[in-house]
Amino acid sequence: MPATAYRITDLRDLDAAFTIREKVFVEGQGVPATLENDLHDRTDARHYLARAEDGTPAGAARWRETDNGVKLERFAVLEGFRNQQIGAALLHAVLADVQTELPDAEVYLNAQINAVRFYERHGFRKEGEMFEEAGIQHFKMVLG
């Protein structure tokens with residue numbers, strides 16, 4: 001069975017997603033935990049979990065509505081599961097839900113510089129200049 005991703009409805013899955021984000025962003029990239037975990041996690045964000053072929057939790061993501069449209073955030077794939085379509089499964093699950101719930105909303109994200117090509121392959125385009133967030137270079141990217 002290929003990688004799967006779905007919207008989280010169970011607290012155990014939410015804990016798995018937060019653990020993945022902690023490992024990728026805080027431990028792996030040095031993002032301060034106070035920046036990684038924010039108010040949106042417990043209020044208005046919709047969370048997703050991806051599982052590898054064997055069922056192991058391998059990736060996480062979230063999205064939320066903003067004044068500028070729908071913002072995709074916190075896409076994280078554990079190092080041992082990269083290049084196995086985990087990120088693609090997450091992105092497809094998130095976009096399917098967004099397009100069902102808010103079909104006319106602009107969809108955007110802030111992509112780390114090393115993920116820009118991934119998002120371009122999935123229909124996003126860079127908008128504006130490179131900027132730094134949490135000490136990491138990013139580009140705003142918009143779908144379509």
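These numbers were taken from a predicted model, which means no experiment stands behind them.
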Asker: For Asn68, check side-chain hydrogen bond (donor to acceptor under 3.5 Å, both in side chains) against everything at least two apart and list the hits.
Answerer: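 So Asn68 forms no side-chain hydrogen bond (donor to acceptor under 3.5 Å, both in side chains) with any residue.
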Asker: Listed by chain and number, what are the ring pair (Phe, Tyr, Trp, His ring centres under 6.0 Å) partners of Phe75, not counting sequence neighbours?
Answerer: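 Result, ring pair (Phe, Tyr, Trp, His ring centres under 6.0 Å) vs Phe75: none returned.
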Asker: How long is the span from the CD1 atom in Ile20 to the CG atom in Leu49, to the nearest 0.5 Å?
Answerer: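 It comes to 5.0 Å.
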Asker: Is it the case that the side chain of His47 and the backbone of Asp41 share a donor-acceptor pair, with hydrogens and angles ignored and the cut-off at 3.5 Å?
Answerer: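 The answer is yes, because a donor-acceptor pair under 3.5 Å joins these two groups.
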Asker: Taking Trp63 as the starting point, is it possible to reach Leu95 by hopping between hydrophobic residues whose side chains are less than 4.5 Å apart?
Answerer: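 As far as the 4.5 Å side-chain criterion goes, Trp63 and Leu95 are connected within one cluster.
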Asker: Kindly state each residue pair satisfying salt bridge (Lys or Arg N to Asp or Glu O under 4.0 Å) with at least one member in residues 129-144, sequence neighbours excluded.
Answerer: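 Of all non-adjacent pairs touching residues 129-144, those that pass salt bridge (Lys or Arg N to Asp or Glu O under 4.0 Å) are Glu127-Lys140.
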Asker: Does Asp10 have any salt bridge (Lys or Arg N to Asp or Glu O under 4.0 Å) partners at least two apart in sequence or in another chain, and if so, which?
Answerer: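 Residues passing salt bridge (Lys or Arg N to Asp or Glu O under 4.0 Å) with Asp10: Arg12.
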Asker: Using the rule that Ile, Leu, Val, Met, Phe, Trp and Tyr join whenever any side-chain heavy atoms are under 4.5 Å apart, tell me whether Phe25 and Phe18 fall into a single cluster.
Answerer: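 Yes.
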Asker: What pairs meet the salt bridge (Lys or Arg N to Asp or Glu O under 4.0 Å) rule with one or both residues in residues 105-119, with sequence neighbours excluded?
Answerer: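 Residue pairs with at least one partner in residues 105-119: there are none.
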Asker: For the pair Glu73 and Leu109, evaluate side-chain contact (heavy atoms from CB on, under 4.5 Å) and give the outcome as yes or no after the intermediate values.
Answerer: CA-CA 6 Å; Glu73 300 176 310; Leu109 54 85; over 6 Å; no
Asker: Could you list the residues that satisfy ring pair (Phe, Tyr, Trp, His ring centres under 6.0 Å) with Tyr119, not counting sequence neighbours?
Answerer: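 Counting only residues at least two positions away or on another chain, Tyr119 forms a ring pair (Phe, Tyr, Trp, His ring centres under 6.0 Å) with Phe124.
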Asker: Of the non-hydrogen atoms in Ala96 and Thr100, which two are nearest, and what is the gap between them?
Answerer: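 Smallest interatomic distance, heavy atoms only, reads O-OG1, 2.9 Å.
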Asker: Keeping Asn37 on the side-chain end and Ala33 on the backbone end, is there a donor-acceptor pair under 3.5 Å?
Answerer: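 Yes: the side chain of Asn37 pairs with the backbone of Ala33.
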Asker: Report the residues that fulfil side-chain hydrogen bond (donor to acceptor under 3.5 Å, both in side chains) with Asp38, sequence neighbours left out, ordered by chain and then residue number.
Answerer: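 Scan of Asp38 (side-chain hydrogen bond (donor to acceptor under 3.5 Å, both in side chains), adjacent residues dropped) gives Arg62, Arg74.
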Asker: Take Met141 and Asn110 through the side-chain contact (heavy atoms from CB on, under 4.5 Å) test and state the conclusion after the steps.
Answerer: CA-CA 6 Å; Met141 299 190 78; Asn110 294 337; over 6 Å; no
Asker: Between CE of Met130 and CZ of Phe139, what distance do you get to the nearest 0.5 Å?
Answerer: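 Atom-to-atom, Met130:CE and Phe139:CZ are 5.0 Å apart.
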Asker: Provide the closest heavy-atom pair for Arg46 versus Arg64 in the form atom of the first, atom of the second, distance.
Answerer: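 Looking at all heavy atoms of both residues, the shortest contact is NH1-CA, 4.4 Å.
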Asker: Sorted by first residue and then second, give each ring pair (Phe, Tyr, Trp, His ring centres under 6.0 Å) pair with at least one member in residues 84-113; sequence neighbours left out.
Answerer: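 Non-adjacent pairs meeting ring pair (Phe, Tyr, Trp, His ring centres under 6.0 Å): His92-His122.
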Asker: Between Phe118 and Leu143, is there a shared hydrophobic cluster once you connect ILVMFWY residues whose side-chain heavy atoms come closer than 4.5 Å?
Answerer: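 Result: yes, single cluster for both.
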Asker: Nearest 0.5 Å, what's the CG-OH distance between Asp97 and Tyr6?
Answerer: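 Here the interatomic distance stands at 13.5 Å.
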Asker: Shortest non-hydrogen contact from Leu78 to Pro57?
Answerer: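 That would be CD1-O, 3.7 Å.
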Asker: Kindly indicate, with the supporting measurements, whether the criterion side-chain contact (heavy atoms from CB on, under 4.5 Å) is fulfilled by His40 and Lys71.
Answerer: CA-CA 12 Å; His40 300 293; Lys71 186 176 184 190; over 6 Å; no
Asker: Would you say the side chain of Glu65 lies within less than 4.5 Å of the side chain of Asp44, judging by non-hydrogen atoms?
Answerer: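 Asp44 does not reach Glu65 side chain to side chain.
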Asker: Please identify each residue that fulfils salt bridge (Lys or Arg N to Asp or Glu O under 4.0 Å) with Arg51, with sequence neighbours left out.
Answerer: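 Arg51 satisfies salt bridge (Lys or Arg N to Asp or Glu O under 4.0 Å) with Asp13 only.
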Asker: Please list, one pair per line, the donor and acceptor atoms closer than 3.5 Å that link side chains of residues 79-91 to other protein atoms, with sequence neighbours excluded.
Answerer:
residue, atom, partner, partner atom, Å
Arg82, NE, Val77, O, 2.8
Arg82, NH2, Val77, O, 2.9
Gln84, NE2, Gly80, O, 3.1

Asker: Quick one: side-chain hydrogen bond (donor to acceptor under 3.5 Å, both in side chains) partners of Asn114, sequence neighbours excluded?
Answerer: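 Not a single residue meets the side-chain hydrogen bond (donor to acceptor under 3.5 Å, both in side chains) criterion with Asn114.
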Asker: Sequence neighbours left out, what passes side-chain hydrogen bond (donor to acceptor under 3.5 Å, both in side chains) with Glu120? Give chain and number order.
Answerer: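 Expected list: none.
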Asker: Can any side-chain N or O of Thr43 pair as donor or acceptor with the backbone N or O of Leu39 at less than 3.5 Å?
Answerer: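 Present.
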Asker: Rounded to the nearest 0.5 Å, how far apart are CD of Glu27 and CZ of Arg21?
Answerer: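 Glu27 CD to Arg21 CZ: 13.5 Å, rounded to 0.5 Å.
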Asker: Report whether Leu72 and Leu102 are members of the same hydrophobic cluster (ILVMFWY, side-chain heavy atoms less than 4.5 Å apart, transitive linking).
Answerer: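 Same hydrophobic cluster.
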Asker: Identify whether Val24 and Leu14 are in the same connected component of the hydrophobic contact network (ILVMFWY, side-chain heavy atoms under 4.5 Å).
Answerer: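 In one cluster with Val24: Leu14, yes.
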